[in-house]
Undergrad: 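Below you'll find the structure I mean.
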Amino acid sequence: MPDAIFAHPLLARVYDAFDEDRGDLDAYLAIAREWPTDLVLDVGCGTGSLAILLAGHGYRVVGVDPAEASLQVAKLKDRAERVRWIHGDATALPALDADLATMTGNVAQVFLTDDDWARTLRGIRAALRPNGHLVFETRRPERRAWQEWAADVDPVIRDVPGLGAVERRVEVTDVSLPFVSFRYTFRFLADGVVVTSDSTLRFRGRDEVESSLAANGYRVLDVREAPDRPGREFVFVAERSDRSR
Ligand SMILES: C[S@@+](CC[C@H](N)C(=O)[O-])C[C@H]1O[C@@H](n2cnc3c(N)ncnc32)[C@H](O)[C@@H]1O
C-alpha cells in the first residue's frame, strides 16, 4: 500500500506543487536519447511528470504506479492520453518489450525488503526487451539527507489550484539505518483540514545496489551523478543481461 502522500486523494493533488522543480527529469530525457528508444516504462510514475514529458517528445510510454490517486492526477494533465497508465506495480506487468525502464524521484528507496526489491527488478527485467535498459536513482546514504530533513523545521506553503494555500511540515520520526522514517503534516488553510503521511525509505549503498542488479539479471553499465543534485544521488544505468555483445 503506497504512502498517503501518494495514495490519499487530497495529498496526491498537492504533490506537484511541493515538488515543483522537475529539472531532474531532463537527465532522463537525455538518457532516453542515448540509445534507440521507442517504448519507455516508467515504474512508480506517480503524477506522471516524466511519462508525459517523454510522450511529448514522441516516445511511447507506459506509466505504472500502485497509487490510484496519483494516477488520477496524472490522467488530468495535458497530453495524458498519449500515455498508457497501469494501476499496479512492476511485479504484474503485461508483456511490453520496453526499450527503457525508469524510476525517478527515488522510487527505488520505497522497496524496504530485499525480497520486494528483487521482485521489482525481476518484474522490470521481464518487461524489457533483450538488452533493454534500466535507469534509476537513489540517494547516497553517506550524504545523510535525513539530517537536512530533520533540520528543516520551517513550514512550506504552496498555493494549489482548486485547493488554495496548503502548508507542509516534515519531521524525521526514526533513523534505524538503512531505514529512515518521516512524517509529513499537511494543513489545508482554507478549511483547516489536516492530513498526515508517514513514510519509510531504505538507503542502499552503491555496492548493494550493484550486486542486486547483477543478481537479478542486469549488467551495470555506469553509475552517474544526477546533474541537478551533484554528490547526492547515484544514477544507475543498467542493461538487461541476455548475451554478450
Ligand atoms: C517520490 S514518488 C516519485 C514519483 C515519480 N516517479 C516522480 O518522479 O514524480 C514515489 C512513487 O513510488 C510509488 N510506489 C510506491 N510503492 C511502489 C511499488 N511497489 N511499485 C511501484 N511504485 C511504487 C508511489 O506511489 C509514488 O508514486
Side-chain angles (χ1 to χ4, degrees), residues 1-8 11-12 15 19 28 40-48 50-51 62-71 74 85-96 98 100-128 132-143 145-146 149 172-184 197-220 223 226 233-241:
M1 181 63 185
D3 306 339
I5 193 172
F6 313 119
H8 188 290
L11 300 193
Y15 181 88
D19 197 30
Y28 287 87
V40 184
L41 167 66
D42 188 27
V43 176
C45 64
T47 57
L50 177 67
V62 175
V64 60
D65 201 289
E68 178 65 35
S70 290
L71 291 176
W85 304 104
I86 298 180
H87 180 216
D89 63 28
T91 64
L93 288 169
L96 290 174
L100 170 66
T102 52
M103 285 187 280
T104 61
N106 294 294
V107 168
Q109 294 192 248
V110 309
F111 305 100
L112 301 184
T113 67
D114 290 338
D115 192 45
D116 273 354
W117 177 232
R119 285 191 305 120
T120 297
L121 289 178
R122 287 198 296 270
I124 294 171
R125 186 182 187 285
L128 284 172
H133 293 93
L134 166 63
V135 181
F136 64 93
E137 63 188 32
T138 185
R139 293 180 187 87
R140 296 176 183 225
E142 56 274 21
R143 187 64 190 238
W146 56 90
W149 303 342
V172 175
T173 50
D174 189 52
V175 179
S176 304
L177 295 177
F179 303 105
V180 175
S181 301
F182 53 95
R183 173 173 298 155
Y184 281 121
S197 174
D198 288 295
S199 296
T200 299
L201 296 178
R202 179 160 172 172
F203 285 72
R204 292 182 175 86
R206 175 176 174 163
D207 290 350
E208 188 180 359
V209 176
E210 288 199 34
S211 354
S212 66
L213 284 164
N216 289 289
Y218 296 87
R219 185 181 304 122
V220 178
V223 183
E233 303 270 328
F234 295 121
V235 178
F236 293 90
V237 180
E239 178 183 61
R240 177 173 143 163
S241 151

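Only a predicted model underlies this, so the values are computations on that prediction, with no experimental measurement involved.
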Undergrad: Can you check whether R125's main-chain N or O pairs, donor with acceptor, with R240's side chain at less than 3.5 Å?
TA: yes
Undergrad: How far apart are the C-alpha atoms of F236 and T138, what are their side-chain angles, what is the distance that settles it, and do they pass the side-chain contact (heavy atoms from CB on, under 4.5 Å) test?
TA: CA-CA 8 Å; F236 293 90; T138 185; 3.6 Å; yes
Undergrad: Could you go through C45 and L71, starting from their C-alpha distance and side-chain angles, then the distance that decides it, and tell me whether this counts as side-chain contact (heavy atoms from CB on, under 4.5 Å)?
TA: CA-CA 8 Å; C45 64; L71 291 176; 3.6 Å; yes
Undergrad: Please report the shortest heavy-atom distance between P2 and A7, naming the atom on each side.
TA: O-CB, 3.8 Å
Undergrad: Y28 versus V135: any side-chain heavy-atom pair under 4.5 Å?
TA: yes
Undergrad: Find the distance between CG (L100) and CG (L128) and round it off to the nearest 0.5 Å.
TA: 8.0 Å
Undergrad: Does R140 offer a backbone N or O that forms a donor-acceptor pair with the side chain of R206 under 3.5 Å?
TA: no
Undergrad: Can a donor-acceptor pair be found between the side chains of D65 and S70 at a distance below 3.5 Å?
TA: no
Undergrad: Testing the basics here: between A4 and L11, what is the closest heavy-atom pair and its distance to 0.1 Å?
TA: O-CB, 3.5 Å
Undergrad: Just how far is it from atom CG of D115 to atom CG of L112, taken to the nearest 0.5 Å?
TA: 12.0 Å
Undergrad: So for atom CG, which belongs to D207, do other residues, nucleotides or ligands contribute more than 12 heavy atoms lying within a distance under 6.0 Å?
TA: no
Undergrad: List the steps and the verdict of side-chain contact (heavy atoms from CB on, under 4.5 Å) for D3 and Y184.
TA: CA-CA 11 Å; D3 306 339; Y184 281 121; over 6 Å; no
Undergrad: Taking the side chain from E68 and the backbone from H87, do they hold a donor-acceptor pair closer than 3.5 Å?
TA: no
Undergrad: Hey, what's the ring geometry for W146 with F203, parallel, tilted or perpendicular (30° and 60° as the breaks)?
TA: perpendicular
Undergrad: Any donor-acceptor pair under 3.5 Å linking the side chain of H133 with the backbone of E239?
TA: no
Undergrad: Give a yes or no on whether the backbone of D116 and the side-chain of T113 come within a donor-acceptor separation of less than 3.5 Å.
TA: yes
Undergrad: Could you check whether any side-chain N or O of T173 sits under 3.5 Å from a backbone N or O of S181, counting only pairs where one atom can act as donor and the other as acceptor?
TA: yes
Undergrad: If I compare all heavy atoms of E208 with all of D114, which pair ends up nearest, and what's the gap?
TA: OE2-OD1, 4.3 Å
Undergrad: Only one of T120, L121, L201 forms a side chain to side chain contact (heavy atoms under 4.5 Å, CB included) with F111, so which one is it?
TA: T120
Undergrad: Counting C-beta onward and ignoring hydrogens, is there a side-chain heavy-atom pair between W117 and R202 closer than 4.5 Å?
TA: no
Undergrad: Indicate whether the side chain of T91 and that of D89 have a donor and an acceptor atom separated by less than 3.5 Å.
TA: yes
Undergrad: Would you say the side-chain atoms of E137 pair up with the backbone N or O of F234, donor to acceptor, closer than 3.5 Å?
TA: no
Undergrad: Applying the side chain to side chain contact (heavy atoms under 4.5 Å, CB included) criterion to L41, which one of V64, I86, T102 satisfies it?
TA: V64
Undergrad: So which heavy atom on R139 is nearest to which on N106, and how close?
TA: N-OD1, 3.2 Å
Undergrad: I need the minimum non-hydrogen distance between A127 and L96, along with the two atoms involved.
TA: O-CB, 3.6 Å
Undergrad: Please check if the side chain of Y218 supplies one atom and the backbone of S212 the other of a donor-acceptor pair under 3.5 Å.
TA: no
Undergrad: To the nearest 0.5 Å, what is the distance between OG on S199 and CZ on F179?
TA: 14.0 Å
Undergrad: Would you compute the distance between atom OG1 of T200 and atom CD of Q109 and round it to the nearest 0.5 angstrom?
TA: 11.5 Å
Undergrad: Measuring only between side-chain heavy atoms, which start at C-beta, is L134 closer than 4.5 Å to L213?
TA: yes
Undergrad: Kindly give the heavy-atom pair with the smallest separation between A67 and F6, and that separation in Å.
TA: CB-O, 3.3 Å
Undergrad: Can L50 and M103 be said to form a side-chain contact (heavy atoms from CB on, under 4.5 Å), step by step?
TA: CA-CA 9 Å; L50 177 67; M103 285 187 280; over 6 Å; no
